[in-house]
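Here the structure is laid out as structure tokens; the discussion comes afterwards.
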Number of protein chains: 2
Amino acid sequence: MALRVYELVGAGDRRFSPYCWRTRMALAHKQLTADCIPCKFTDKELIAFSGQTKVPVLVDGDDVVSDSWAIACYLEDKYPERPSLFGGGYGRSLTKFFNIWVDNEVNSKLIRMVVKDIHDRVHPDDRDYFRASREARFQNSLERVQAERPIYMERLQQSLELVRPMLHGQPFLCGQSPAYADYILFGTLQWIRCSSPLEVLEVADPLHAWRERLLDAFDRMARGHSRL
Amino acid sequence: MALRVYELVGAGDRRFSPYCWRTRMALAHKQLTADCIPCKFTDKELIAFSGQTKVPVLVDGDDVVSDSWAIACYLEDKYPERPSLFGGGYGRSLTKFFNIWVDNEVNSKLIRMVVKDIHDRVHPDDRDYFRASREARFQNSLERVQAERPIYMERLQQSLELVRPMLHGQPFLCGQSPAYADYILFGTLQWIRCSSPLEVLEVADPLHAWRERLLDAFDRMARGHSRL
């Protein structure tokens, strides 16, 4: 029976959730195909069976797994004979740290830089929900939050400066081939790419060439998705 | 021929460099013994043969390696049949990230919290050098830098909050047994333990129990070293 993934959908069928991109790339890495079922922010009843309210949700036979990190661990344990996402126990532990770090130090800055752009590209049915929930979170209007972009751009670049040395002498963060840590940060950049005209990577940035490699990975799976 | 490590020494023969502790723990992990040669901050001529001015410096036959990260990579590659420090290529890449993160986000905060305490415990010959170089770096007196401790304690705890989830369900950061990422952060905590009365970990903190485990590792090698 085919796997199913419930993933966030925006206006014009765009798929922009960073966490759903982590799962998409992880499935491709494991050479698994899945039916992707689009789910709006306000389609909570569609994933109520998972016992929580957020995508991605993976359904694999009788197994239901939510949260992108839990899904990656599930895939690694359920399909150990397929290419590894973590490269063993130490790698899993350290990838978990990288996952937490990206969520806390990268995504938290980026959301402030593009929150109005995202609003304009979520599904029309979701716009009121998105504005109300994000304005409550930031205690400010989306417009005013995004206007602080230059401050957060500087902080973002300082955080990315910790990642760039990983590409010294190797094409991917994890080494000669990509693994789940690559997909974690790639998901973040794909999120921006699909939801804002903002470009956070200069062409000369080694992370730019790295992102190009991942856009080409798995038969250019991610490249066809963009803000256009 | 026995390995030699040049390492920082303070007053009363104390060994407090976080980077030298990384190397000590890495050698023990690889089941290698080394002669530890004490070296004051101002003993630059003692390690001039290494072509640079910082400890640790490892001498293994004809090989001379400086910088704790380069030493860890050297040991992993030179002694591959011994217990692994990284657990493979993905693990090495991710440990490198963890190394950069600890240096930038943990050590940089901690030095400000204990810089006067360290001054009081460096070798008497090094005190003038230490005060002058650190006051130039911080553009402030050691006393005034350390007086800002509460601000940096709060920031430090926020950073450590990213590490604590690694200990969910496992006794070490890397899993069921410690590896080099454990020694990276342990070196930092041992540095504080050997150079200041400050306690940065509450007894209920999972990192406290983790540090106790590493103090007991390798026949309690690190436990005998403290500020006393």
Side-chain angles (χ1 to χ4, degrees), chain A residues 26 29 67-70 72-73 76-77 83-109 155 157-185 206-207 210, chain B residues 26 29 67-70 72-73 76-77 83-109 155 157-185 206-207 210:
Chain A
H29 184 97
D67 178 85
S68 60
W69 175 250
C73 291
E76 186 78 346
D77 295 335
S84 175
L85 290 165
F86 305 131
Y90 297 174
R92 183 186 301 220
S93 300
L94 290 159
T95 303
K96 180 177 179 179
F97 175 77
F98 191 74
N99 198 75
I100 294 167
W101 180 81
V102 170
D103 289 353
N104 278 272
E105 301 296 325
V106 181
N107 291 8
S108 65
K109 290 162 190 157
R155 294 183 192 173
Q157 295 300 330
Q158 286 169 1
S159 290
L160 293 178
E161 196 57 30
L162 306 190
V163 177
R164 294 184 178 105
M166 296 176 80
L167 294 172
H168 289 176
Q170 58 186 35
F172 295 100
L173 302 185
C174 287
Q176 292 305 313
S177 56
Y180 194 68
D182 288 274
Y183 309 141
I184 290 168
L185 186 61
L207 285 170
W210 162 81
Chain B
H29 185 98
D67 180 85
S68 59
W69 176 251
C73 291
E76 186 78 345
D77 294 335
S84 174
L85 290 165
F86 305 131
Y90 296 174
R92 183 185 301 221
S93 300
L94 290 158
T95 304
K96 181 177 177 179
F97 174 77
F98 191 74
N99 198 76
I100 293 167
W101 180 81
V102 170
D103 289 353
N104 278 272
E105 300 295 327
V106 181
N107 291 7
S108 65
K109 289 162 189 155
R155 294 183 191 172
Q157 296 301 330
Q158 285 169 1
S159 290
L160 293 179
E161 197 56 29
L162 306 190
V163 178
R164 293 183 179 107
M166 297 175 80
L167 294 173
H168 290 175
Q170 57 187 36
F172 295 100
L173 302 185
C174 286
Q176 292 305 314
S177 57
Y180 194 67
D182 288 274
Y183 309 141
I184 291 168
L185 186 60
L207 285 170
W210 162 81

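Labels below follow one simple rule: chain letters A, B, ... track the order of the sequence lines, proteins then strands, and each chain is numbered from 1. All values derive from a computational prediction rather than experimental measurement.
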Given a strict heavy-atom distance threshold of 4.5 Å, which part of [X] is in contact with chain B: side chain, backbone, both, or neither?
X      : value
A:L162 : both
A:F86  : backbone
A:Q170 : side chain
A:E105 : side chain

Step by step, would you call B:Q157 with B:R164 a side-chain contact (heavy atoms from CB on, under 4.5 Å)? CA-CA 10 Å; B:Q157 296 301 330; B:R164 293 183 179 107; 2.7 Å; yes

Qualifying residues under side-chain contact (heavy atoms from CB on, under 4.5 Å), relative to A:D67, sequence neighbours excluded: A:W69, A:A70

Looking at residues at least two apart in the chain, or sitting in another chain, which of them share a ring-ring contact (aromatic ring centres under 6.0 Å, His included) with B:F97? A:F98, A:W101

Top of A:G88, A:G91, A:A179 for chain B proximity - count of heavy-atom pairs under 4.5 angstrom: A:A179

Determine the option with the most heavy-atom pairs under 4.5 angstrom with chain B, choosing from A:P165, A:A181, A:G175. A:P165

Within the 4.5 Å heavy-atom criterion, are A:R92 and A:D77 side-chain neighbours or not? yes

Show your working on side-chain contact (heavy atoms from CB on, under 4.5 Å) between A:Y180 and A:C73 and close with a plain yes or no. CA-CA 10 Å; A:Y180 194 68; A:C73 291; over 6 Å; no

Heavy-atom pair count under 4.5 Å with chain A, highest-scoring of B:M166, B:Q176, B:E161: B:M166

Begin with the C-alpha distance, continue with both residues' side-chain angles, and end with the deciding distance and a verdict on side-chain contact (heavy atoms from CB on, under 4.5 Å) for A:L94 and B:Y90. CA-CA 9 Å; A:L94 290 159; B:Y90 296 174; over 6 Å; no

